[in-house]
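Reading through the structure tokens given below for one structure.
Just so we're clear, the structure is a prediction, and the values are computed from it rather than from any experiment. Counting starts at 1 for both ligands and their atoms, following the listed order.
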Amino acid sequence: MQSINSVFQGQGITKSLQYVKGIGPKLGERLAKKGLTTIEDALYFLPIRYEDRSLMSSIRDLQVGTSGGATGEVMVSGEVRYGRRRGFEVVISDGTAILKLKWFNFKLQYIKGRFKQGTKIKAFGNVTAYGAQKEIIHPDVEVVAASGDDDLLKTSGGNLAGGLAGGGLIPVYSQIDNFHQKTIRKIIDSIVLDYAAGLLGAVPRGVLAARGLLTLGESFTKAHLPVAMDEVELARRSIVFDELFSLELGLALKRRAIKKEGGLVQAGGDETVLKKLGELIPFELTQAQRRVLKDIKRDMRSDRPMNRLLQGDVGSGKTIVSLIAALIAIDSGHQAAIMAPTEILAEQHYLLIHGYGEGLGIKVRLLTGSTKKAVRAEYLHEIKAGNVDIVVGTHALIQGDVEFRSLGLAIIDEQHRFGVEQRSFLQNKARKSRDGKVGLTPDILVMTATPIPRTLSMTVFGELDVSVIDELPKGRQPIETRLMREAERQEAYGLIRRELERGSQAYLVYPLVEESEELELRDATRMHAHLAKDIFPEYKVALLHGRMKGAEKEAVMADFKAGRFDILVSTTVIEVGVDVPNATVILIEHAERFGLAQLHQLRGRVGRGSRRSVCILLAQYTRNEDTWKRLKVIERTTDGFLIAEEDLKIRGPGDFIGTRQSGMPDFRSSDTFADLGLLRDARADATAFLESDPELTTPEGQRIKEILRHRWRDRLSLAEVG
Ligand code: ADP
Ligand code: MG
């Protein structure tokens, strides 16, 4: 067998596209803009859909009520108004009849430029009729290559026959630069023909046979050079399975490696410090908080490193739990680090912990991207000398120059915003913290409010043990969620006003910072001015968004928290963690643009005090039934786990195990992955395979080991892969 080793070592699919015959540096650069730099990238650039050319016909022969397509020339095009709604219409003709194409959701500049008179286009979609006029609403459109455009790619045409000839199924790719589809097809086709054959993939032959799947080479060929739809589906399934299998196998190896490591024994923090803290906090811990603390203490005391995930819905009180864990580490003679995904959140944690720290005699430092250079240098010195007990920070914490004297516990808040890479980075840093020597692995506590469906958590949090806070603090009022349409805007403002009049504060969240030329969306900056001037002139309205400087953001947040502003107009920078109990109403504009988990997080900004809170979802573009259904889920329940399960049903698991969550670097086929059963099968097969070949020493095991190394790169250490 021509070993796959060599295939992976530069000769084959890792080869840069610009060295491929017919591509070259110029074309290569344009491809790279789309993230396509290697042969492998191109192979994984799967079609977004397939067009059945046998359904193409003349416009006259298009059947109303079926899907079909036709080619024609643009006669007229332009913006149209239907009452208050805007649309864009294009009329094409092919000499047999005319066909109208309509859009309701579009970027005007772009669409105008695309459908100039005389442009030859191919349109595809569901044919409807308006009176006697045939129409396609939101058609799939391809601008047909004008002659002369075709020789962009000078490949030896001979081997390109495949999918291009004749009718039947044609793959349609996501747009690359301003290439014509035909050009993209040519590029991909020639790569498939030259490189796909012989690629085996990570799945053992026996498993492929048992599951009725194809090798990777066969799969790429069938996905890019389609013959029949059922083959295409099998091909995609096989590609996804191959990725899932290597994901599961990698995770299994990681779990095994971690079990072998030695950890710090941190048995401190039992009496005095915790008693003191107990006197400082204004509430009793919930049962659930106590229970997870028990898990944490047990882990910290053991001589194996803790790798625990603390899952708890928004507002369930994870922060205090993490602070107690930090105190245990400190009392055991070590340091603790808390990493948060945003500066706002890091700052908030810092203020809280700093506040308690004073009473406890604990020194806390904040380290973020906006910490001044000189100050940073001073902090780093203190941290290294062991004069700082808790370091709170953002990514700035894991930069190369931060050294701890003895890091005992690393806490990562809102872990879904980080990748596994960062987690292991912090861990590796800590391993080396004992006087520069590689030492024992510190304890790791990661926290998330993004409920990962139970069905998935084993995979997403591959090597972690899980504790769940499944109870909210006493006295919390349920949040009332109202899904409203644009026509109800005034009523929404009325609800906000009602809360403000009671002395509460409000969040108004927008999807964009500034007005966008391309999208007709309400944006934070414009709305801030409008709200402050026209709608709530008697209240103080602040603006917060991600493009502001760190210090500015902090100041606005601190002022809002202190009640110096009544309304905070913001982008999603407040999505995670922000805690202002006096805020009892949140309005989310263009709710249709956010994912369920994100909406749930945003809603979690209210309902933190003892007063009843309201969350208003204003949805503007919801023609689509699914969108409305999705938003209804949020209206119906505040149970994060239920929402996650619904999200899973709607989006499929691919999104959940993207790069961020799993640390699997190139989960390339995720958007086509909708089948949870496939994931379960892959996990079962990976586990079984590892049992049969624990050290991956059989020829097949060695081949697979090589692929894992390539796919996980440095995310799996050599110790793990063996
Ligand atoms: P999250 O789990 O979303 O990070 P936080 O830790 O920010 O939640 O806690 C949310 C709010 O609940 C905070 O204002 C915190 O002080 C408060 N809180 C935490 N634990 C309790 C408790 N046991 N009883 C009452 N309030 C609590
Ligand atoms: Mg939190």
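Residue R476 touches ligand 1 through its side chain alone, judged by heavy-atom distances below 4.0 Å. When non-hydrogen atoms are compared, ligand 1 lies under 4.0 Å from neither the backbone nor the side chain of M447. Neither the backbone nor the side chain of K474 has any atom closer than 4.0 Å to an atom of ligand 1 (non-hydrogen atoms only).
Looking only at distances, no side-chain donor or acceptor of D559 sits under 3.5 Å from a matching main-chain atom of R564. At distances below 3.5 Å, at least one donor-acceptor pair connects side-chain atoms of N582 with backbone N or O atoms of G503.
Taking every non-hydrogen atom of E284 and a distance limit under 4.0 Å, the qualifying atoms of ligand 1 come out as 22 (C), 23 (N), 24 (N). Short contacts between ligand 1 and T286, defined as distances under 4.0 Å to a heavy atom of the residue, involve ligand atoms 23 (N). For ligand 1, the atoms closer than 4.0 angstrom to any heavy atom of R608 are 3 (O), 7 (O), 10 (C). Near P473, the atoms of ligand 1 lying under 4.0 angstrom from a non-hydrogen atom of the residue are 21 (C), 22 (C), 24 (N), 25 (C), 26 (N), 27 (C). Near T319, with a cut-off below 4.0 Å to any heavy atom, the atoms of ligand 1 are 4 (O), 5 (P), 6 (O), 7 (O). Shown in contact with L285 at under 4.0 Å from a heavy atom are these atoms of ligand 1, numbered in order with element: 23 (N).
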How far apart are the C-alpha atoms of E589 and R489, what are their side-chain angles, what is the distance that settles it, and do they pass the side-chain contact (heavy atoms from CB on, under 4.5 Å) test? CA-CA 10 Å; E589 294 253 22; R489 174 173 296 275; 2.8 Å; yes
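Residues A591 and L617 approach most closely at CB-CB, 3.8 Å, considering heavy atoms. Nearest heavy-atom pair, G268 versus S332, reported as atom, atom and distance to 0.1 Å: N-OG, 2.8 Å.
Between R502 and E499 there is a salt bridge, with a side-chain nitrogen of the basic residue lying less than 4.0 Å from a carboxylate oxygen of the acidic one.
In terms of N/O distances under 3.5 Å, ligand 1 is not approached by F283. At under 3.5 Å, not a single nitrogen or oxygen of I320, backbone or side chain, sits near a nitrogen or oxygen of ligand 1.
Residues satisfying the side chain to side chain contact (heavy atoms under 4.5 Å, CB included) test with E382, not counting sequence neighbours, are K363, R365, E378, Y379, N387, V388. Residues forming a side chain to side chain contact (heavy atoms under 4.5 Å, CB included) with A524 (at least two apart in sequence, or on another chain): Y510, L543, V569, T571.
Among L345, D579, V580, the residue whose heavy atom lies closest to atom 13 (C) of ligand 1 is D579.
Among D443, V446, I444, D465, the one residue that satisfies the side-chain contact (heavy atoms from CB on, under 4.5 Å) test with R308 is D465.
A heavy-atom separation below 4.0 Å is found between S316 and ligand 1.
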